[in-house]
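As the structure is a computational prediction, the values presented were derived from the model and not from experiment.
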Amino acid sequence: FPTQADDAVYSLAKLEAARAKPGEVLDDGRSPVIIGIGVAGPGKDETAVTVRSGSAIIAHKTWTERDATKLQGAVVEFLERWRGRVQCVNVDATGMGHYLRTALSGYVIQAINFGEEPKNRGKSWAVQCANRKAEMYWRTREILDPGGIKGLDDEMISQAAQVRFFYDLQGRIAIEPKTSAAKRGLASPDRWESVVLAFGVEPYESLAKSLAFAMRAPVPANGQVLSTDRRDEELEREQRMDGGQRYTNPSRFSHIKGAW
């Protein structure tokens with residue numbers, strides 16, 4: 001493999017191993033999908049959509065359309081074939097992405113702000129990152145390295161291989177800004193960023209999917225069988241908090257009570 005910079009986020013060998021193979025069937029036509037959408041900014045950037053099912057990228061499309069209304073219509077039309085299978089749509093919500101969110105009615109949307117604080121900041125078991133973008137890029141690396149991604153194409157591999165990282169003054173991982181990459185003659189890695197949005201966002205897991213929650217039995221008082229189960233109250237509270245805005249998997253929700 002060609003030589004890479006020491007500060008490359010992704011190993012070219014790992015990226016090549018994830019390349020789509022000729023004739024390989026990656027979609028069974030029924031499994032749930034997660035969608036990542038990176039919305040174009042000014043200039044020559046592309047709006048890119050990646051559709052994944054499990055570890056496989058089953059569809060990918062880009063647009064250079066600058067008319068916001070036409071772009072929204074094109075993205076909505078493209079996603080329609082998966083509407084019944086979509087678990088969530090992860091959208092870069094900064095800039096023009098804010099307007100695209102409003103066009104995706106009927107989907108569970110996770111709005112992603114790359115500049116916000118990482119979800120795992122301060123947790124001892126997590127790699128400490130400067131912001132949400134670095135956290136997501138690094139999580140995608142952790143999925144890629146053991147073979148957890150397949151279906152990459154030439155452009156995805158080329159863009160990913162050029163992404164670099166550095167350590168900030170607090171010793172946290174940060175991703176090279178696009179302005180710095182542009183000085184090296186590189187275009188914005190829009191296609192790869194949609195892959196990161198599809199894989200690098202840790203999905204919201206409902207309380208009902210937690211093994212610890214399922215095993216937490218009601219505690220009888222004085223040997224008496226309780227007439228109510230506090231876990232029912234927890235589930236109701238979680239559903240109210242969810243409000244349809246976070247990742248849920250209803251197909252894995254209903255079986256829990258049968259396991260109690």
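Residues M136 and G200 share a closest heavy-atom pair of CG-O, 3.5 Å. The shortest non-hydrogen separation linking S53 to R85 is OG-NH2, 4.3 Å. Shortest non-hydrogen contact noted between K178 and K133 is CE-NZ, 4.1 Å. In terms of heavy atoms, N131 sits closest to G115 at CB-O, 4.1 Å. Between I149 and A18, the closest heavy-atom pair is O-CB, 3.1 Å. Shown here for Q110 and N90, the closest heavy-atom pair between the two residues is NE2-OD1, 2.8 Å.
Between T64 atom OG1 and D45 atom CG the span is 11.0 Å, to the nearest 0.5 Å. The distance from the OG atom of S55 to the NZ atom of K150 is 4.0 Å, given to the nearest 0.5 Å. With values rounded to the nearest 0.5 angstrom, W138 atom CH2 is found 13.0 Å from Q128 atom CD. Note: E46 CD to S194 OG = 9.5 Å, rounded to the nearest 0.5 Å. Remark: L100 CG to D92 CG distance equals 10.0 Å, nearest 0.5 Å.
In terms of modelled atom types and a separation under 3.5 Å, the side chain of E155 and the main chain of D153 share no donor-acceptor contact. Between the side chain of E65 and the backbone N or O of D67 there is at least one donor-acceptor pair closer than 3.5 Å. In this structure, the side chain of N120 does not engage the main chain of A126 through any donor-acceptor pair within 3.5 Å. Here the side chain of Q159 pairs a donor or acceptor atom with the backbone of R191 at under 3.5 angstrom.
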Review point. Hey, mind stepping through V127 and R139 against side chain to side chain contact (heavy atoms under 4.5 Å, CB included) and telling me if it holds?
Key: CA-CA 9 Å; V127 174; R139 183 169 188 265; over 6 Å; no
Practice item. Evaluate the criterion side chain to side chain contact (heavy atoms under 4.5 Å, CB included) for residue pair V9 and I175; output intermediate values, then yes/no. Key: CA-CA 8 Å; V9 176; I175 301 301; 3.9 Å; yes
Point to revise | Trace of the salt bridge (Lys or Arg N to Asp or Glu O under 4.0 Å) decision for E116 with R132 | key: CA-CA 6 Å; E116 71 181 9; R132 189 86 164 102; 3.5 Å; yes
Exercise for review: Report the C-alpha distance between V108 and V86 in whole Å, list the side-chain angles of each, state the deciding distance to 0.1 Å, and finish with yes or no for side chain to side chain contact (heavy atoms under 4.5 Å, CB included).
Suggested key: CA-CA 8 Å; V108 175; V86 176; over 6 Å; no
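Here the side chains of M156 and D154 are not in contact, with every heavy-atom distance at 4.5 Å or above. Side-chain contact check for L152 versus W192: some heavy-atom pair is nearer than 4.5 Å. Considering only heavy atoms from C-beta on, T62 stays 4.5 Å or farther from T47 through its side chain. Here the side chains of I37 and L79 are in contact, with some heavy-atom distance below 4.5 Å. With a 4.5 Å cut-off on side-chain heavy atoms, Q162 and P189 do not count as touching. Proximity of R184 to R164: side-chain heavy atoms (C-beta onward) are separated by under 4.5 Å at one or more points.
Looking at K14 and D145, no side-chain N of the basic residue comes within less than 4.0 Å of a carboxylate O on the acidic one, giving no salt bridge. Salt-bridge annotation for R121 and E135: absent, with no side-chain N of the basic residue lying under 4.0 Å from a carboxylate O of the acidic one.
Aromatic ring orientation, Y137 versus Y10: tilted (interplanar angle from 30° to 60°).
Just one residue in the list L197, T50, V51 forms a side-chain contact (heavy atoms from CB on, under 4.5 Å) with I35, and that residue is V51.
Both tests hold for R52 against F199: distance to the six-membered ring centre under 6.0 Å, angle to the ring axis within 45°. Stacking of R83 on the aromatic ring of Y107 is recorded, both the 6.0 Å distance cut-off and the 45° axial limit being met.
Remark: E77 CD is loosely packed, at most 12 non-hydrogen atoms of other residues, nucleotides or ligands lying under 6.0 Å away. Open room surrounds CZ on R30; 12 or fewer heavy atoms of other groups in view lie less than 6.0 Å from it.
F166 and L186 fall into different hydrophobic clusters, where Ile, Leu, Val, Met, Phe, Trp and Tyr side chains are chained together by heavy-atom contacts under 4.5 Å.
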